[in-house]
**Q** 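Structure incoming, see below.
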Amino acid sequence: MKYAYYPGCSIQGTGRAYEESLLPVLKELNIDFEELEDWNCCGATAYMSVDEIKSCVLASRNFALAEKFGYAEIMAPCSACYLVLNKAQKYIETSKPVAETVEKALSSANLKMTKKIKVRHPIDILLNDIGLEKIKQHVKRPLKEFKVATYYGCQLVRPYSTFDDQYNPTSMDRILKALGATVVYFPIKTRCCGSSLTGTLPEPGLFCAYIILKEAIKRGANVISTACPLCQFNLDGYHDKIEKKWGNVRIPTLYFTQLMGLAFGISEEELGINRCIIPLNIQSNQTVSA
Amino acid sequence: MESVKMNSNKEGARIGFYVCHCGHNIASVVDCKAVAEYVSKLPGVVVSRDYKYMCSDPGQELIMNDIKEQKLNRIVVASCSPLLHEHTFRNATEKGGLNPYLCQMVNIREHDSWVHSDRAAATLKAKEMARAAIQRVTHHHKLETKKVPIRPSVLVVGGGIAGIHAALTLANAGKQVYLVEREPTIGGHMAKFDKTFPTLDCAACILTPKMSEVGSHPNIKLMTYSEVVKVDGYVGNYTITVKHKPRYIIEEACVGCTECINACIYTTAKFPDEFNEGLGKRKPIYMPFPQATPQIVVIDPQTCIQIKTGKCKKTCLEACLDRKAIDFNQKERFSEIQVGAIVIATGFKTFDAHRIPQYGYGKYPNVFTALEIERMVNASGPTGGHVVMRDGSEPKSIGIVHCVGSRDKKTNHYCSRVCCMYSLKLAHLLKEHSGAEIYNFYIDMRTPGKSYEEFYDKLLNEGVNFIRGRVGEVTDWAFIPEEEGKLIIRVEDTLAGYVRRIPVDMVVLSTGLEHQPDADAVRRMFNMSCGSEGFFLERHPKLAPVNTFTDGILLAGCCQGPKDIPDTVAQAGAAAAEALVLIDKGYIEQEPNTAFVREEDCSGCKSCIPLCPYSAISFDEQKKKANINEALCKGCGTCVASCPSGSIVQNLFEDEEIFSEIEGLLLDNINEKFAQGKTTQEVLAK
Amino acid sequence: MQRCRIFMQELVRTIKYESDRVPGFGNEILKVPGCENLQSCIQCGTCSGMCPLSIYMDFTPRQIIELVRSDFKNEVLKSYTIWLCASCYVCTVECPREVHITDIMYELKQRAIYEGYYPNHFPIPTLAREFFATVYKRGRVTENFLAVKMILKSNWLDMFKSWRLGLNLLSRGRFPMKPENIQNKEELRKILDTVDKVSIDTLGGISHIGNGTKTKTN
Ligand SMILES: Cc1cc2nc3c(=O)[nH]c(=O)nc-3n(C[C@H](O)[C@H](O)[C@H](O)COP(=O)(O)OP(=O)(O)OC[C@H]3O[C@@H](n4cnc5c(N)ncnc54)[C@H](O)[C@@H]3O)c2cc1C
Ligand code: SF4
Ligand code: SF4
């Protein structure tokens with residue numbers, strides 16, 4: 001099946017390393033996808049705070065485009081997009097007035113939404129459509145030295161996710177273990193990182209980030225893996241400020257796709273690892289496994 | 001519709017009609033006089049009256065006198081729900097000299113005056129409903145109730161405090177009792193407690209005398225390690241099949257000397273001990289606890305080397321040489337018993353704390369369940385009453401989390417009723433045994449019971465911390481350095497208005513009470529219902545709290561819903577009393593609303609047989625016809641509706657009765673037409 | 001006397017009179033899709049206990065729920081809490097009564113913006129509105145442009161405090177130099193404009209259904 005790839009705004013801006021690593025990983029695994037032509041912003045949480053209906057309408061245009069071009073599933077790598085697209089769908093399904101408004105708005109531009117386009121996160125696709133066995137086959141450099149704190153963040157599994165447990169998600173853990181990494185016990189893997197606040201109300205946002213960074217170090221991790229450009233930005237971008245307030249909690253935060261790319265033998269440059277503000281300084285295992 | 005014969009008011013029907021005002025209940029919305037007036041003109045009606053309270057003695061006398069004086073042969077009363085007064089008016093009819101089943105009721109209160117406000121429309125509706133009943137009643141005929149004798153013995157299922165109390169009450173009244181318990185010993189949950197709220201008396205001191213009384217009572221046949229597997233028959237005449245699980249011990253031979261346990265090849269106890277909630281260890285051959293009743297050991301086939309592999313030195317056998325009570329070849333056995341009534345007392349299970357992962361049970365070693373703590377504070381428990389953490393050290397601070405698996409839509413919506421009180425009890429005991437700082441986290445403190453509020457007061461004065469807030473999470477990640485290495489409870493202190501993080505050494509989860517996991521299977525076997533919460537459903541929440549919808553099956557204790565020991569014992573006594581009422585009467589009278597098969601029409605297709613929820617239909621292989629056991633039939637009508645050849649008829653719900661009732665409802669403007677002197681047939685002919 | 005008067009001036013009345021309430025406010029919120037379970041709240045505080053931001057809130061999420069259903073509109077819409085909510089959904093997932101607290105927070109934010117309740121130069125509502133406008137104009141957002149714009153609108157000084165992050169991002173190629181646009185901007189605007197018209201028909205101009213009509217055209 002061909003997935004409609006919905007990058008989302010962040011992934012092509014501050015979070016571009018996510019895309020830079022995601023695409024080669026998907027290619028390596030022969031996953032068939034195409035960027036959804038002329039996609040628009042999902043609305044994100046900020047839009048929801050102003051007008052939920054318009055937020056649904058924005059999301060729906062993407063569904064309508066996907067339908068028009070004949071896709072059955074959308075792949076949304078950003079947690080916020082993933083949540084908002086799912087939420088819009090749920091909202092349209094459960095509220096008739098909302099559904100009618102959406103329908104009329106779309107038809108004004110000759111678009112329509114007749115079937116349900118599934119929204120999938122790459123983790124879901126990798127785990128359930130591709131499978132760990134196949135991922136293992138592509139590992140060239142097992143991540144032996146990597147002690148990973150898997151950080152899922154809030155919006156990936158709450159409240160609409162279908163592919164993992166909302167209290168104790170393990171999907172990313174399983175993928176990383178398949179890459180040969182050690183996954184440390186990390187009880188706050190779904191605690192909010194505060195990214196939606198850091199830009200506007202620094203103190204609370206940064207405190208959330210600090211707790212996560214501190215705990216990751218305490219649990220013996222040497223790298224945090226995320227699946228969301230907003231989390232990556234918040235955990236990676238503000239170390240100077242955090243350090244001033246609460247002390248040094250430097251630990252690199254990578255996209256899980258960057259870790260996959262490393263294990264698949266793709267170069268650090270290609271994967272955009274140099275874009276991290278806190279540099280990755282783990283000696284990756286050079287021996288090529290059988 | 002061809003089969004429907006129009007009701008021409010059977011020759012000679014002389015109907016008396018009575019409409020009740022029910023004080024203002026009916027009369028304020030329905031014009032009762034007008035209804036009586038209207039009905040008086042319907043064909044066959046000889047008397048039509050309205051009266052303030054038909055259920056009163058003078059009201060009933062009206063009926064009786066009219067029957068005699070006016071030679072009435074049918075009665076219709078329009079008043080309240082038949083559930084309330086059908087009995088009353090049938091009685092009056094009978095006293096007047098008619099068969100009681102020639103009386104029909106119309107509910108113009110619940111179905112009319114209580115649900116409408118438009119007087120004219122409600123009056124019209126009352127007239128139409130009355131008209132329907134007048135049409136119907138002409139088809140009624142005499143029916144007789146049946147008397148069936150009752151066996152004077154009772155089965156009690158479950159040997160917790162509820163089952164124990166019910167069994168002793170019945171046995172002391174001279175009835176034969178069979179007590180079936182699936183564990184190797186009776187006692188249930190109460191046997192595990194150290195003290196009981198609110199008086200803090202020792203649970204063992206008050207329970208074990210009753211347990212041994214059960215064990216030695218001449219009227220009680222105790223069957224432990226056994227389960228009911230089949231229930232046949234009906235009220236008064238149940239046949240029960242009991243499965244006896246192999247205990248690998250000849251019960252009659254064992255005297256409970258426990259020499260065999262000492263002799264077991266395992267010199268130290270190695271396996272998690274169920275009675276101690278896994279906090280202690282036992283051997284493959286064991287006595288659940290010192291006062292277990294009966295005093296008979298049991299062998300666990302999962303861990304016994306001889307049973308698993310057949311290659312053990314069997315040192316236990318040697319220890320029991322003279323009594324020869326050990327039998328490794330024992331197989332499960334079945335036996336059959338006959339009883340007249342059944343008391344279900346299967347109790348509850350506690351909520352599985354794993355289901356709320358946020359509270360860390362199974363993840364953090366020092367998170368315990370309340371039942372584990374009950375064992376821990378017990379002087380004869382696995383730690384000898386010492387409060388210790390899993391590494392053996394003593395806690396300095398303990399948090400008790402209320403409402404774990406209660407009042408939560410994601411798990412159980414209801415309140416488990418006893419957890420607040422037992423949490424207070426545990427707070428007291430933990431403080432007494434360890435001197436630790438105790439925090440109780442509650443949503444609302446529920447202490448509605450005799451001396452319960454006083455108990456709460458006592459705890460408040462003992463210096464226990466009470467924080468009103470449902471715990472969000474128990475974690476081990478720290479915000480600030482003081483929290484490192486502790487379990488942190490995140491909660492909003494809703495009364496102080498602050499979100500708080502409280503580091504403690506030990507957490508106790510006050511798990512709620514749930515129905516037994518096999519409740520649904522048990523429900524089906526005994527023909528009961530379960531409420532939405534999964535507990536067995538009583539017939540009426542206020543007026544029949546120990547009865548079920550199946551006659552002769554009674555409920556006692558927590559299997560009907562969470563409750564404390566005083567309520568459990570009271571309910572067990574009530575269930576025993578209800579069983580005695582049945583048995584001492586000697587016979588049961590059965591409503592004649594049963595179904596029967598018109599054999600000449602039955603094609604023998606058997607489609608009705610699996611549909612009957614009461615298993616009342618059997619197949620007569622010789623005649624090749626279905627046959628309904630009148631004593632089992634509850635008159636639900638399922639088979640009647642399903643029979644493809646229409647050969648099943650139900651008393652009081654015969655086709656003619658129902659169709660003529662419907663026609664009575666549907667006839668429009670009949671009023672004027674009858675007034676013009678037309679007959680029903682003419683009216684319908686249009 | 002003098003001291004006493006000063007002291008008195010500093011105190012705020014905390015007692016609430018019935019006239020402080022805005023009757024009907026709670027009911028209005030209750031009718032919004034997603035907010036229906038508001039009435040089932042048992043004030044247990046699980047939401048506040050779990051909320052990662054409650055440490056900074058003036059009212060805890062539990063208190064917000066109670067204030068809403070008791071019609072304390074002014075207190076609720078002026079509170080910082082609704083702006084501190086990061087929409088992490090932990091409260092919604094944990095609430096034993098299935099109260100959708102996050103959705104209620106969204107609804108309160110929308111009302112505060114629409115009714116002009118939020119504090120001047122308070123950055124979050126400004127961000128939300130800027131975001132809204134950018135999407136309308138371009139169909140996509142480019143975060144750093146948004147951030148710069150927002151800082152200019154709310155607080156100049158912050159611009160200088162954040163210079164280091166900006167530099168870091170720039171040197172690592174994470175600071176796009178031109179804003180992103182979709183091609184079919186007209187189509188998107190048409191769709192969004194239709195919503196404004198349609199909301200008035202389908203939703204009958206009732207402001208509490210579906211939220212849409214609360215927002216005026218940009
Ligand atoms: C931690 C805790 C502390 C408590 N403390 C107190 C207290 O201090 N004071 C107080 O008043 N109350 C207390 N209670 C409540 C008390 O436990 C109950 O009121 C009481 O145990 C109910 O008795 P029961 O006989 O109905 O159920 P149970 O005690 O559960 O007994 C049921 C019995 O039936 C057996 N059984 C189940 N199914 C079958 C079957 N299918 N066939 C055969 N047998 C079966 C079980 O093995 C068990 O022996 C406490 C409860 C808990 C959880
Ligand atoms: S968690 Fe739910 S029930 Fe509890 S206070 Fe919050 S909203 Fe109310
Ligand atoms: S959604 Fe908002 S109110 Fe709820 S826990 Fe998260 S930040 Fe707090």
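Everything quoted here is computed from the prediction, not taken from an experiment. Numbered from 1 within each chain, the chains take letters A, B, ... in sequence-line order.
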**Q** What I'd like to find out is whether the side chain of A/Gln155 reaches to under 4.5 Å of the side chain of C/Cys88, using heavy atoms alone.
**A** no
**Q** Taking the side chain as every heavy atom from C-beta outward, state whether A/Leu111 and C/Ile191 have any atom pair closer than 4.5 Å.
**A** yes
**Q** Would you compute the distance between atom OH of C/Tyr106 and atom OG of A/Ser55 and round it to the nearest 0.5 angstrom?
**A** 8.0 Å
**Q** Between A/Ala109, A/Gly194, A/Pro204, which has the largest tally of heavy atom pairs under 4.5 Å with chain C?
**A** A/Pro204
**Q** When rounded to the nearest 0.5 angstrom, what distance separates CG in C/Asp103 from OH in A/Tyr91?
**A** 6.5 Å
**Q** Which bit of C/Ile182 comes within less than 4.5 Å of chain A, counting heavy atoms only: side chain, backbone, both or neither?
**A** both
**Q** My understanding is that only residues two or more places apart in sequence, or in another chain, count here; which of them pass side chain to side chain donor-acceptor pair (under 3.5 Å) with C/Ser79?
**A** none
**Q** Under 4.5 Å between any side-chain heavy atoms of A/Phe207 and C/Ile55, yes or no?
**A** yes
**Q** How would you list, by chain and number, every residue that makes a side chain to side chain donor-acceptor pair (under 3.5 Å) with A/Glu37, sequence neighbours excluded?
**A** none
**Q** With side chains defined as the heavy atoms from C-beta onward, is the minimum distance between A/Asn40 and C/Val135 less than 4.5 Å?
**A** no
**Q** Does atom CD of A/Glu103 have more than 12 heavy-atom neighbours from other groups under 6.0 Å away?
**A** no
**Q** Would you say that C/Glu187 contacts A/Asp38 through its side chain, given a criterion of any heavy-atom pair below 4.5 Å between the two side chains?
**A** no
**Q** Are C/Tyr89 and A/Leu83 close enough, and set up right, to give a side-chain contact (heavy atoms from CB on, under 4.5 Å), and what steps lead you there?
**A** CA-CA 11 Å; C/Tyr89 288 91; A/Leu83 172 94; 3.4 Å; yes
**Q** Quick one: are C/Thr102 and A/Lys87 in side-chain contact, heavy atoms under 4.5 Å?
**A** no
**Q** Quick one: of C/Lys185, C/Gln183, C/Lys190, who has the most non-hydrogen atom pairs under 4.5 Å with chain A?
**A** C/Gln183
**Q** Measure the CG-CG distance between A/Leu197 and C/Leu84 for me, rounded to the nearest 0.5 Å.
**A** 6.0 Å
**Q** Please flag which part of C/Ile82 lies under 4.5 Å from any non-hydrogen atom of chain A: side chain, backbone, both or neither.
**A** neither
**Q** Can A/Lys54 and C/Asp193 be said to form a salt bridge (charged side-chain N to carboxylate O under 4.0 Å, His left out), step by step?
**A** CA-CA 10 Å; A/Lys54 278 197 186 147; C/Asp193 289 341; over 6 Å; no
**Q** So, do C/Val90 and A/Cys192 sit near enough that their side-chain heavy atoms are less than 4.5 Å apart?
**A** no
